[in-house]
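Proteins come first, then strands; the chains are lettered A, B, ... in the order of their sequence lines, and each starts at number 1.
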Number of protein chains: 2
Amino acid sequence: MKIKSELPLALRTAYLALHRQSDSQFAPHGLTADQFVLLAALSRGQALTQRELARRMPSDPSTVRAMLVLLERHGLVQRDTHPTDSRARTVALTAAGKRKFRQLWTAGEPIRAKMVGSLQHDEAETLVRLLIKVAESLNAVSVPLDSETSNQTQEVES
Amino acid sequence: MKIKSELPLALRTAYLALHRQSDSQFAPHGLTADQFVLLAALSRGQALTQRELARRMPSDPSTVRAMLVLLERHGLVQRDTHPTDSRARTVALTAAGKRKFRQLWTAGEPIRAKMVGSLQHDEAETLVRLLIKVAESLNAVSVPLDSETSNQTQEVES
DNA sequence: AAATACTCGTGCGTATACGCACGGTAAATT
DNA sequence: AATTTACCGTGCGTATACGCACGAGTATTT
């Protein structure tokens, strides 16, 4: 099955192309593509904990922390201690952060238009649906390390 | 158009899921997901220059160089000076490199099976086709910084 | 042949991506 | 209440990803 072996590279190629284009488009604004993803996640759910933010990116908690340190230094986000859980910290956009995010949203529009523009309307929907499906199947369970265990695939989730 | 704004995140999510799974699957073998991509590219075209190799990954020449330094140290690849162009260097898998690649190919099979397994047969083909389409449209020409260009990029609000 | 333009690899700096381990705190168990 | 367990953020180490600039070599033009 050729398709099976081509899918990973196709996915990689498309993602890296998106990432590069975004980086170059956002660079004049002083931000990276990933920082934009973080700001976007924050703009839709204020007062998130760092872990919850990481889950939504999705990204690693320790990566998110490094990004937050930078963004906080630039005055785009603010971190406060969680009201009830003293371990956690809540993260929120500052006024400057919200402004910057709107700026980048506009700056990124040509890229989004380009991606979707080459597709039929239903193709775009199909693509998103299949990508989500693939991501879910990958995140589902752990791949058995070698042999055996056949199909013990359990479904968590509902 | 909601789809347009969801596509980038869906693409990111799927790719990172693949990358994480691959990394964890290859870790016992002492290699990373990206190193596997490099070995795969080499296994299908020997005696590539570093730039050509980078083009096929696809990746950045300076990134590829760093990876080659590591892989060469591990004895998986070999770099020689190009026969006719003294600026360039040709890269090839060593015997150990070929062996390692076959090992990883097998180790990665469950991941590929998982990705494709959640899809209908025609869906997998569609997905690959659409990913390639998106990547091409992103790589084609640079996005104008602000002017219009009028082709067919219509403005759509979020 | 000489000057110019282009290309290859390298080195450097910054930002991600992630695993792992540690200290502190909350939640669950006894 | 005391203990165990689970979870949050942090710090550290390694590997990518990419831009940029430099030196050396090749190709093109004059």
Counting side-chain heavy atoms from CB outward, which of [options] is closest to [X]?
X	options	answer
S59(A)	dC18(D), dA17(C), dG25(D)	dA17(C)
R12(B)	dA17(C), dT16(D), dC18(C)	dA17(C)
T32(A)	dA15(C), dA17(C), dG25(D)	dA15(C)
Q50(B)	dA15(D), dA26(C), dT10(C)	dT10(C)
R87(A)	dA26(C), dT16(D), dG19(D)	dA26(C)
R20(B)	dG19(D), dA15(D), dA17(C)	dA17(C)

Could you give the [atom1]-to-[atom2] distance, from [X] to [N], as a whole number of Å?
X	N	atom1	atom2	answer
H19(A)	dC18(D)	NE2	P	8 Å
Q35(A)	dA17(C)	CD	P	10 Å
D34(A)	dA17(C)	CG	C1'	9 Å
D60(B)	dT14(C)	CG	P	17 Å
L31(A)	dA15(C)	CG	C1'	12 Å
Q25(A)	dG19(D)	CD	P	13 Å
Q21(A)	dG19(D)	CD	C1'	14 Å
L71(B)	dT14(D)	CG	P	17 Å

Would you kindly compare T90(B) and M57(A) by the position of their nearest DNA chain C nucleotide and give the one closer to the 5′ end? T90(B)
Please figure out whether T84(A) or M67(A) has its closest DNA chain C nucleotide nearer the 5' end. M67(A)
Under the criterion salt bridge (Lys or Arg N to Asp or Glu O under 4.0 Å), I'd like the reasoning laid out for R112(B) against E6(A): C-alpha separation, chi angles, the key distance, then a yes or no. CA-CA 9 Å; R112(B) 292 188 296 274; E6(A) 286 172 0; over 6 Å; no
Please classify the nucleic acid contact of [X] as base, sugar-phosphate, or nothing, using heavy-atom distances under 4.0 Å.
X	result
R51(B)	base
S62(A)	base
S86(A)	sugar-phosphate

Do D34(A) and T32(A) get their side chains close enough for a donor-acceptor pair, meaning under 3.5 Å? no
Can you tell me how the ring of F36(A) sits relative to the ring of F26(A), calling it parallel under 30°, perpendicular over 60° and tilted otherwise? tilted
Reported NZ-to-CE distance for the pair K133(B) and M115(A), which is rounded to 0.5 angstrom: 13.0 Å
Hey, are the side chains of V91(A) and V64(A) touching, using non-hydrogen atoms and a 4.5 Å cut-off? no
I'd like to know if the side chain of [X] and the backbone of [Y] have a donor-acceptor N/O pair within less than 3.5 Å.
X	Y	value
D23(A)	A33(A)	yes
R12(A)	M57(B)	yes
S59(A)	R55(A)	no

Give each stem of DNA chain D as a range with a range, requiring at least 3 consecutive Watson-Crick or G-U wobble pairs whose two distances are under 3.5 Å. C:1-30 with D:1-30
Let me spell it out: for each of D23(A) and D85(A), pick the nucleotide of DNA chain D with the closest heavy atom. Which residue's pick is nearer the 5' end? D85(A)
Nearest-nucleotide comparison on DNA chain D, the residue closer to the 5′ end among E52(A) and L16(A): E52(A)
Is R89(A) near enough to dT10(D) that one of its side-chain N or O atoms lies under 4.0 angstrom from OP1 or OP2? yes
Check whether any side-chain N or O of R73(B) sits under 4.0 Å from OP1 or OP2 of dA15(D), and answer yes or no. no
Between the base of dG9(D) and the side chain of T49(A), is one N or O donor paired with an acceptor at under 3.5 angstrom? no
